[in-house]
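The next block holds one structure in the form of structure tokens; read it before the comments.
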Amino acid sequence: MDILRVARVIASCRFLVALTGAGISADSGIPTFRGDDGLWKRFRPEELATPEAFTRNPTLVWEWYRWRMSIVFRAKPNDGHRALAELESMGILRCVITQNVDGLHQLAGSRCVVELHGSIRRVRCTSCSYREELVEPPTEIPPRCPRCGALLRPDVVWFGEPLPSDAWNKAVELCSKADAILVVGTSGVVMPAASLPYLVKSHGGIVIEVNVKPSALTSVADVFLQGRAAEVLPKIVEEVKRFVTK
Ligand code: APR
């Protein structure tokens, strides 16, 4: 099924959602996790992205996150993010469910964004309820809570931690209603996020995948469009426009 036929499906579906992963932000200069130059090739996640690692060495974890934050704060949305925002403004895409913590969907104009893994732009206190949206990486690391003095941590989900329940419940509610899901730029190996396309499929929904190479979700996809999100998604939107303006 090529882009034209995908566009016809998208133009005619009743409740379209998207699930995105690091691949959609690759064209914004943000490293993915499991690609050839992925973060997990250079760093060990269990040393940097777990509660145990943070307890053991908060300074090391904060040095890594300060480096990642410096990349994210400089990054700009790309045509892939903008294409999803346009599909939402056309009334076709209901919501973006993202595993990404970079906030680029919101900066691209998407209004409904469910952040399953939190946001690297936000910190929270390890002791009290203090939370803060940052505009730049902290200068002092590890940063301390201005309210109670305890350590602040990135407001992201680490391995072994539960997803924010409101985000997960919203994602399940959306996928339970969806008759199509656009899966973009994810290796599909991290649960429970990767179970969402199966949820859509389980009630007869269509799974459309955009990725530069097959993923763990390609077997459940009805359509696999091979290519960069920043190139494929705008082409889909252009074709969808032909159908909706007829
Ligand atoms: N366009 C589309 N897909 C791309 C592009 C691109 N330009 N570049 C890379 N990809 C694909 C890769 O082929 C891969 O399938 O994006 C996917 C990125 O996979 P991962 O690096 O595993 O990222 P992701 O699936 O988002 O990881 C899920 O794992 O480490 C945790 O919390 C972290 O949210 C992350 C989760």
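All ligand and atom numbering here is 1-based and tracks the order in the structure.
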For [atom], find the nearest protein heavy atom and state the residue, atom name and distance (0.1 Å precision).
| atom | answer |
| --- | --- |
| atom 36 (C) of ligand 1 | Val190 CG2, 3.8 Å |
| atom 34 (O) of ligand 1 | His117 ND1, 2.9 Å |
| atom 35 (C) of ligand 1 | Phe33 CE1, 3.6 Å |
| atom 1 (N) of ligand 1 | Ala229 N, 2.9 Å |
| atom 28 (C) of ligand 1 | Gln99 OE1, 3.3 Å |
| atom 31 (C) of ligand 1 | Arg34 NH2, 3.6 Å |
| atom 5 (C) of ligand 1 | Gly23 O, 3.4 Å |
| atom 23 (O) of ligand 1 | Ala22 CB, 3.5 Å |

Ligand 1 and [X], any nitrogen or oxygen pair closer than 3.5 angstrom?
| X | result |
| --- | --- |
| Ala26 | no |
| Ile24 | no |
| Val210 | no |
| Asn211 | yes |
| Asn100 | no |

Contact atoms of ligand 1, heavy-atom distance to [X] under 4.0 Å:
| X | answer |
| --- | --- |
| Thr186 | 15 (O), 16 (O), 17 (C), 24 (P), 25 (O) |
| Trp40 | 30 (O) |
| Lys213 | 13 (O) |
| Phe159 | 30 (O), 31 (C) |
| Gly21 | 26 (O) |
| Gly185 | 3 (N), 16 (O), 17 (C), 18 (C) |

Ion pair check, [X] and [Y], cut-off under 4.0 Å:
| X | Y | answer |
| --- | --- | --- |
| Asp79 | Arg82 | yes |
| Asp222 | Lys201 | yes |
| Glu173 | Lys170 | no |
| Lys241 | Glu238 | yes |

Whether the side chain of [X] engages the backbone of [Y] through a donor-acceptor N/O pair (distance < 3.5 Å, no angle test) should be reported.
| X | Y | answer |
| --- | --- | --- |
| Thr32 | Gly38 | no |
| Thr126 | Leu151 | yes |
| His117 | Val157 | no |

Handout entry: Polar side chain donor-acceptor pair, Ser119 to Asp155, under 3.5 angstrom
Key = no

Practice task
Examine the proximity of ligand 1 to Asp27 and report which part, side chain or backbone, both or neither, has a heavy atom under 4.0 Å away.
Solution key: side chain

Exercise for the section: Kindly check if Cys145 and Cys125 bring their SG atoms closer than 2.5 angstrom. Expected result: no

Practice task
Using the six-membered ring wherever Trp is involved, compare the ring planes of His81 and His105 and label them parallel, tilted or perpendicular (cut-offs 30° and 60°).
Solution key: perpendicular

Handout entry: Which atom of Leu19 lies closest to which atom of Ile181, heavy atoms considered
Key = CB-CD1, 4.0 Å

Practice task
Check step by step if salt bridge (charged side-chain N to carboxylate O under 4.0 Å, His left out) holds for Arg66 and Glu63.
Solution key: CA-CA 5 Å; Arg66 182 160 64 174; Glu63 277 166 357; 5.8 Å; no

